[in-house]
Amino acid sequence: MKFSQFSRSLRLALIGAALTCGPTVAFADIKNYEFKLVEPTVKTGPDKTIAVQLIDKTTGKSVPDAVIFATRLDMAPDGMQEMATKLTPLPASEPGTYRFKANFSMAGRWQLSLGAKVQGETGTIENKLIIQADK
């Protein structure tokens with residue numbers, strides 16, 4: 001009788017320890033991620049490359065393998081949002097860096113709008129970055 005009572009107590013203790021000491025997984029908030037321009041200026045002309053890094057603000061590290069699903073490049077900062085140009089994705093030069101090719105047809109401020117999903121996170125990252133195009 002004592003053995004079965006001891007066995008039951010041991011099982012309960014082990015279950016309690018497993019529940020309280022088990023690994024916890026902490027997911028970051030989607031607001032902890034942001035895109036940053038690698039270079040904020042570019043020369044005007046066709047086939048110019050722009051690069052952005054996706055950064056986890058809590059660690060300061062680049063985030064690889066995000067899925068970028070929304071891109072737009074226009075001159076909204078200078079009041080010409082109808083002046084948009086096509087963005088073509090390019091292969092990454094390093095993990096966490098995302099590159100695009102675009103035609104900067106005139107000098108001024110261009111707004112790069114990005115939408116992305118980070119693997120393992122819920123929600124969408126949305127950033128608007130300003131690129132200065134100079135002659």
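Here the structure is a predicted model, which means the values were calculated and not measured.
- A single hydrophobic cluster is not seen to contain both V38 and I125; linkage of ILVMFWY side chains at heavy-atom distances under 4.5 Å, directly or through other members, places them apart.
- Pairs engaging residues 77-88 under the salt bridge (Lys or Arg N to Asp or Glu O under 4.0 Å) rule: D78-R109 [sequence neighbours left out].
- Put simply, the side chain of Y98 never gets that close to the backbone of F35: no donor and acceptor are under 3.5 Å apart.
- Atoms NZ and CD, on K48 and E39 in that order, are 12.5 Å from each other to the nearest 0.5 Å.
- Remark: D29 CG to T122 OG1 distance equals 8.0 Å, nearest 0.5 Å.
- Summarising the geometry, atom CG belonging to D74 is positioned 8.0 Å from atom CH2 belonging to W110; distances are rounded to the nearest 0.5 Å.
- Here the straight-line distance linking atom CE of M75 with atom OG of S105 works out to 7.5 Å at 0.5 Å rounding.
- With hydrophobic clusters built from ILVMFWY side chains whose heavy atoms lie under 4.5 angstrom apart, I131 shares a cluster with M80.
- The two residues S62 and Q53 make their nearest non-hydrogen contact at OG-NE2, 3.6 Å.
- Counting only distance, with no hydrogens or angles, the side chain of T85 and the backbone of A102 share no donor-acceptor pair below 3.5 Å.
- Counting heavy-atom neighbours within 6.0 Å of K57 NZ, excluding the residue itself, gives a total above 12.
- The distance from atom CG of N32 to atom CD1 of I55, rounded to the nearest 0.5 Å, is 13.0 Å.
- Taking all atoms of both residues into account, the shortest heavy-atom contact from P46 to N103 is CA-OD1, 3.5 Å.
- For A92 against T97, the heavy-atom pair with the smallest separation is CB-O, 3.3 Å.
- The closest side-chain heavy-atom distance from V118 to L54 is below 4.5 Å.
- Both M106 and L112 are assigned to one and the same hydrophobic cluster, defined by single-linkage of ILVMFWY side chains at heavy-atom distances under 4.5 Å.
- Contact detail for A133 and T44: the closest heavy-atom pair is CB-CG2, 4.0 Å.
- The CE atom of M83 sits 15.0 Å away from atom CD of Q111, with the distance rounded to the nearest 0.5 Å.
- Residues R99 and S93 come closest through the heavy atom pair CD-OG, 3.7 Å.
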